[in-house]
Structure formats: C-alpha cells, structure tokens
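Every number for a ligand or one of its atoms is a count from 1 in the order of the listing.
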Amino acid sequence: MKSQIAITKVNLTENEIQAAVEILKSGNLRQGKKTEEFEYSFAEKIGAKYAVAVSSGTAALHIAYLSVLEIGDEVLLPSFTFIATASMVHYSNCNPIFCDADRETFTIDIEDAKKRITEKTKAIAPVHLFGNACDVEKIEELANNHNLRIIWDAAQAHGTRYRGKDVGCLNDLVCYSFYPSKNMITGEGGMVTTNNPKLNEKLRLLRSHGQAKKYFHTDFGFNYRMTDVEASIGLEQLKRLDPMTEIRRRNTEILNQGINTVDGIIAQKTTIGADHSYHQYCVLVDPDEYGCDRDQLALYLKNENILTGVHYPRGLHEQPVFQERLGKMELPVTEYLTRHILALPIHHNLYPSDMERIVDAIKENHK
Ligand SMILES: Cc1ncc(COP(=O)(O)O)c(C=O)c1O
C-alpha cells in the first residue's frame with residue numbers, strides 16, 4: 001500500500017511544543033503577556049496598526065460585526081464560504097445577504113453584490129477564499145460608493161497579499177482563524193486586525209465582558225479571550241509562516257504544471273494582483289471533459305491513498321438553517337462550484353514526490 005497523502009496535517013516543531021510547555025509550567029494559563037506579544041508581532045508582520053487576539057475565527061467575526069453594525073443592518077457576503085461568515089451576522093442581529101461567486105476566482109461576484117444593495121445595506125464581508133485574495137480594489141470602490149463598512153474574512157488567508165500588501169492591513173476590519181487545519185495555527189484561536197484606534201478599543205471590550213478596567217463595565221461583551229498557551233504556539237508559528245507558505249506555493253506550482261494539460265480539470269484562478277497563499281488547492285472537475293465526475297475522482301484518489309476534500313458541498317443559501325429563514329434562492333455559479341469542486345492536498349508537510357504522485361494519479365484516471 002502506498003503511503004497516505006492527507007489533505008491536512010498538524011506537525012508542531014520542538015520549538016512550538018516547548019513554548020507551550022513553558023507556559024504550562026508557569027501556570028499562566030489565561031490571556032496574558034504572551035497574548036500581547038502575539039498581537040504585537042502579528043500586527044507588525046502584516047503591517048496593521050492593531051491586532052486583537054480571540055478564541056476562534058468565529059469569535060473574531062462576531063466582535064468585528066458587532067463593532068460596526070446596528071440591529072437590522074444588511075451585510076453582503078458570498079454564499080460560497082464557511083457558515084461562520086454568515087452565522088455571525090445573524091448573531092449580531094443583522095441579515096446576511098447572499099451573493100453569487102465568480103466562476104474563475106471563486107470569490108464574491110462584485111457585480112452580483114452591487115445588485116443586492118438596498119438602503120439597509122451597511123457592510124460587505126468578502127472572503128479571501130482558499131487563500132486567494134478577492135478583487136480588493138473593486139470591493140473598496142463599491143464600499144466607498146455606497147458607504148459600506150468592510151469586514152474581510154481572512155480566516156484562510158494568512159500571508160495572502162494584494163498588490164504587494166498583506167490583506168491583513170486593509171480597512172476596516174480583517175478576521176483570521178488559527179484552527180488546526182489553517183496555514184498558521186494556535187489550536188483554537190483567531191485574530192481581528194484594524195488600523196482604526198476606536199475599533200481596536202471596541203474590539204477589546206467586546207472580547208472580554210466590556211470590561212474597561214477590573215469590574216468596571218462600559219459595554220456588554222463575551223469571554224472570547226485567547227490563552228497564553230495558544231498565543232505561545234502562534235508566536236512560533238508566525239516565524240514559520242513565510243517558509244510554510246513558500247512550500248505551499250512550490251507544491252501548487254508542481255500541480256499546476258502537471259495538470260494544466262489534463263482536459264476537464266480546471267484550477268482556481270488567482271485574482272489579478274494577488275499572491276495566493278494556498279490554504280486549499282481547489283479544482284473544478286468537468287465530467288464531460290475529464291471522463292468522470294468530482295465524486296468518482298475523489299474515490300479513485302482515495303483508493304490510491306490520496307485524500308481530498310469538498311469545500312463546500314452546499315452554498316450557504318442552500319443550507320436548511322438559512323432556507324428556513326430566507327426561503328429558496330438560486331445562485332447558479334455557487335451551485336455549479338459546490339457540485340464540481342475538489343480540494344487536492346498541497347499542505348506544507350508534503351514533498352514534491354507527493355505532488356508527482358497526485359499528478360500521475362489524475363492523469364492515469366483520465367486515460
Ligand atoms: C472562511 C472562514 N471563516 C470563518 C471561519 C471560522 O473560524 P474558526 O473555526 O476558527 O471559528 C473559518 C474556519 O474554518 C473559515 O474557513
């Protein structure tokens with residue numbers, strides 16, 4: 001049996017393990033100095049003025065939305081994303097407005113978003129999906145023209161750049177996840193970055209019970225704090241972010257070279273001006289051209305001990321929880337993507353020889 005090529009793998013270094021052990025030994029298990037250090041280093045690395053560490057990417061989105069939205073506001077966002085982008089709008093007492101996706105870059109279709117603007121639309125939450133940046137310029141133009149706040153979902157986009165700048169330093173708010181499948185991890189964990197001092201303050205209040213100083217509450221809030229154990233891992237991971245991203249880019253290049261001549265396998269197109277960080281390498285499988293469909297290819301690869309993923313098998317507009325509230329709607333590109341997409345392994349613990357095996361298997365199955 002050939003060795004398994006997994007879709008994701010956590011492989012902490014000795015430094016990362018040691019950093020966490022140091023905190024465990026110290027007994028400082030809550031949010032403390034390490035978290036502050038992590039916030040500072042993260043902000044510095046991506047070029048944002050402020051970074052606020054939280055307990056998950058979901059918590060990051062929740063406090064980011066609450067910091068700029070008011071009850072009943074409408075938020076434009078893609079249907080083709082993870083549920084937290086939309087569910088946290090719901091839990092901010094606002095309404096997610098689902099938009100279609102771009103067929104090539106898989107990110108939000110900005111023309112479609114424009115058509116859905118009403119007088120209640122107050123924000124847009126674009127997602128840098130799979131590590132590919134959205135068309136930042138067009139989104140900023142749309143937001144400026146319609147006076148919308150922007151909450152960027154960068155949960156999958158550590159190290160992604162747009163026109164040479166890290167997407168984490170964009171206005172107004174940028175939300176990250178450090179969940180173990182992500183390009184950079186802490187265990188559970190998240191971060192919000194911003195350049196706005198008022199939002200920075202508000203986020204810190206929302207993160208911890210609205211507490212301005214001990215037992216003095218100027219706001220309502222949550223316990224969304226990160227612990228120093230998580231922050232200590234994050235600090236070490238941050239040092240490795242660039243080399244880990246480079247390996248993902250190298251692996252991607254091998255796949256691109258290998259499969260771009262295979263009929264019916266079409267890789268996600270990188271947005272013009274973007275440096276993709278390849279959280280996922282996703283292709284569309286066209287059964288007429290390739291000879292079998294996405295699920296059949298996934299099964300073939302599984303039999304070769306190559307594991308794949310489907311992100312996402314349904315658009316959010318097709319999820320029962322939203323259909324019950326919003327009724328049925330059609331988003332044809334999103335629906336096409338959900339039925340044809342397949343993620344192939346490219347993570348930073350894989351070698352060029354693994355990539356060659358994937359290419360060979362995809363070509364072999366095509367014959
Ligand atoms: C696009 C997107 N947004 C938000 C999240 C939520 O992050 P977390 O799992 O850390 O809560 C994820 C995580 O998978 C994600 O992929």
With a 4.0 Å cut-off, would you call Lys138 and Glu141 a salt bridge?
no
Check Arg116 with Asp109, please: is the shortest side-chain N to carboxylate O separation under 4.0 Å?
no
Could you name the option among Leu129, Val127, Thr58, Thr85 that has the heavy atom nearest to atom 6 (C) of ligand 1?
Thr58
Backbone of [Y] reached by a side-chain donor or acceptor of [X] within 3.5 Å:
{"X": "Ser87", "Y": "Ile83", "result": "yes"}
{"X": "Arg294", "Y": "Thr338", "result": "yes"}
{"X": "Arg249", "Y": "His276", "result": "yes"}
{"X": "His347", "Y": "Ala6", "result": "yes"}

Could you list the atoms of ligand 1 found under 4.0 angstrom from a heavy atom of [X]?
{"X": "Gly57", "value": "6 (C), 7 (O), 8 (P), 10 (O), 11 (O)"}
{"X": "Leu61", "value": "4 (C)"}
{"X": "Ser177", "value": "7 (O), 8 (P), 10 (O)"}

Per-residue contact class, Thr81 against ligand 1 - non-hydrogen pairs under 4.0 Å:
side chain
Specify side chain, backbone, both or neither for Gln156, according to which of its non-hydrogen atoms lie closer than 4.0 Å to ligand 1.
side chain
Does ligand 1 have an atom that lies less than 4.0 angstrom from a heavy atom of Lys182?
yes
Compute the shortest N/O to N/O distance between Asp153 and ligand 1 and return yes if it is under 3.5 Å, no if not.
yes
Does any N or O atom in Tyr179 lie less than 3.5 angstrom from one in ligand 1, N or O only?
no
Quick check: closest heavy atoms across Asn195 and Asn171, and the distance to 0.1 Å?
ND2-OD1, 3.1 Å
The protein heavy atom nearest to atom 12 (C) of ligand 1 is Phe82 CD2, 3.4 Å
